[in-house]
Each structure stands twice: as C-alpha cells, then as structure tokens.
Amino acid sequence: MAAFSARVYNAAKLNANTYEEVEHDTAALGQSFWVVVLSSVAAGVGSLSEVGLGGIFVGTAAALVGWVIWAYLTYYIGAKMFPQPSTQTDFREMLRTIGFASAPGIVRIIGVIPGLAPLVFFIASVWMLAAMVVAVRQALDYTSTLRALGVCIVGWIIQVIVVALFLSATAGIL
C-alpha cells in the first residue's frame, strides 16, 4: 500500500519519474484503475449536494469509460499520428500513465465543504490537465512538453465532438 500511496502522491506532484515508472510497470494497471475510481468518487463526494449518491456511481462508471476512451485517443493521436522517432508505447502503457494523471482529482473531495466546490473543481481540472501532459510526454517518450500538450488538446477536441454527437443523438432516448 505504501508504494501505491507514494505513486499517487508523486503523480499528483507531476513527478515525471513516477509516470515513467508506471509506464514500464505492467502490474500497475490495477493501481491506475483504482486512481481513476478514487478520483471519480472524490468528485462525487465533493459534489454530493448536486449529484446525490446515485451520481457517485454513475460518475465513477463514466470516469472509467472516459479513462479508456481518453487513453485510446491519446495513444492513437500521439503514437500513430504524431510520433517522434523515440516514441515506443502501447495502449496499456497509456492506460497506466493516464490513470495516474487522475491523481490530482482526489482533492475534489474538499468540494463537499459548502461554497468551495467550484474553486476546488477548477483547480483540480487544471492540475489534472498538467498531470495528463506529463503522463503523455512520458508514455510517448516525447522530448517536448509542448508536443504532449498538443496531443492532449487534439484528443480533448475529438472527445468533446464525440460526446456532443452522442448527447445530441440520444437526447430523446435518455
């Protein structure tokens, strides 16, 4: 457990060596899963007054699906469309590193304090984006943080479009 908590802490500190370690540790996929779960449950608790208990379960399931989709998008964009000569990765490496990029989201539990949720969620979102950039840079073996940021932005735009299309297509059904 100490190794897990240290990894989560160091991932939240944006420690590149931690992301590199997770990238190469094939046994860390389960840990990545739990980081995503902890982060999403923290978000649910932090917004409990708005989402209720059911929202925690739905939010956690959505976060897990989103984690897999985001990892695939990032893998495809970064490794297939915009690789560097040094890029060597696979989908599982992306899952592991991106899962740990959710670590800063655990602070969203503080949002349960009345009046703090908007600020805490904003800070956590920016922090998680920074963690994502570090995770992508390490997993894709990029030498440029700017290139990793570009991959994250392209992936985010694609994800927003897909979600918007899904929501508009299911508006009458759901």
Side-chain angles (χ1 to χ4, degrees), residues 11 19 22-23 28-83 87 89-112 116-140 142 146-174:
Y19 287 99
V22 168
E23 173 192 5
L29 188 56
Q31 289 183 347
S32 295
F33 169 88
W34 285 110
V35 174
V36 174
V37 169
L38 287 170
S39 180
S40 63
V41 168
V45 171
S47 59
L48 196 58
S49 64
E50 310 213 355
V51 299
L53 279 177
I56 294 174
F57 297 110
V58 171
T60 300
L64 289 169
V65 170
W67 167 49
V68 173
I69 291 169
W70 185 254
Y72 182 77
L73 276 173
T74 307
Y75 167 73
Y76 186 80
I77 294 164
K80 302 298 181 191
M81 293 173 65
F82 303 113
T87 299
T89 193
D90 61 36
F91 176 60
R92 288 182 173 274
E93 288 179 3
M94 293 305 297
L95 276 173
R96 292 191 298 269
T97 57
I98 288 174
F100 271 88
S102 298
I106 295 171
V107 302
R108 295 180 292 190
I109 198 165
I110 298 169
V112 76
L116 284 184
L119 177 63
V120 169
F121 275 63
F122 174 75
I123 291 169
S125 295
V126 172
W127 192 358
M128 289 170 66
L129 174 61
M132 176 68 67
V133 171
V134 174
V136 167
R137 185 186 67 209
Q138 297 311 117
L140 294 173
Y142 283 174
L146 194 58
R147 187 181 194 105
L149 176 62
V151 168
C152 290
I153 290 170
V154 170
W156 180 78
I157 290 169
I158 292 169
Q159 187 176 25
V160 165
I161 292 169
V162 169
V163 168
L165 290 172
F166 174 77
L167 291 176
S168 67
T170 60
I173 300 169
L174 301 175

Q: For the pair Tyr76 (side chain) and Gly155 (backbone), establish whether a donor and an acceptor sit closer than 3.5 Å, ignoring hydrogens and angles.
A: no
Q: Taking the side chain as every heavy atom from C-beta outward, state whether Val107 and Ile123 have any pair of such atoms under 4.5 Å apart.
A: no
**Q.** Any side-chain heavy-atom pair of Leu95 and Tyr75 under 4.5 Å
**A.** no
(Q) Once rounded to the nearest 0.5 Å, what's the spacing between atom CD1 of Ile157 and atom SG of Cys152? (A) 11.5 Å
(Q) When you measure from the side chain of Ser39 to the backbone of Val35, do you find a donor-acceptor pair of N or O atoms at a distance under 3.5 Å? (A) no
Q) Between the side chain of Tyr19 and the main-chain N/O of Ala139, is any donor-acceptor distance below 3.5 Å? A) no
Q | Interatomic distance, Ser32 atom OG to Ile98 atom CD1 [nearest 0.5 angstrom] | A | 10.0 Å
Q.
Does atom CG (Leu146) have a neighbourhood of more than 12 heavy atoms from anything else shown, all under 6.0 Å?
A. no
Q. Under 3.5 Å, side chain of Arg96 to main-chain N/O of Val22, donor-acceptor pair present?
A. yes
Q) How far does CZ of Arg108 sit from CZ of Phe121, to the nearest 0.5 angstrom? A) 6.0 Å
(Q) I'd like to know if the side chain of Thr60 reaches the main chain of Val37, judged simply by a donor and an acceptor atom lying under 3.5 Å from each other, with no hydrogens or angles considered. (A) no
Q.
So Ile77 and Ile158, do their side chains get closer than 4.5 Å, heavy atoms only?
A. yes
Q) Can you tell me if Ser168 uses its side chain to pair, donor with acceptor, with the backbone of Leu165 under 3.5 Å? A) yes
